[in-house]
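To keep things clear, I will list the structure first and then write my remarks on it.
Every value quoted in this text rests on a predicted model; they were computed, and no experiment measured them.
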Amino acid sequence: MGTFITGAIVAFCVFFAIRSMVNDKKNGKTHCGGDCSKCKGHCS
């Protein structure tokens, strides 16, 4: 039972992390601040 609870907690954390990244991407936020000249064009 403990394994199931721990797995559920990890799954929720992963879900919310991915959801946050998707929302940031939709809002135009990137890991490099949106200035592609500073991250050598790796922004998308």
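- Met1 contributes atom CE, which lies 10.5 Å from atom OG1 of Thr6 (distance to the nearest 0.5 angstrom).
- In this structure, Phe4 has no side chain to side chain contact (heavy atoms under 4.5 Å, CB included) partners at least two apart in sequence or on a different chain.
- Side-chain heavy-atom separations under 4.5 angstrom define the hydrophobic clusters, and the remaining members of the one that includes Val22 are Val10, Val14, Ile18, Met21.
- The other members of the hydrophobic cluster of Phe16, by chain and number, are Phe12, Phe15 (side-chain heavy atoms under 4.5 Å, ILVMFWY only).
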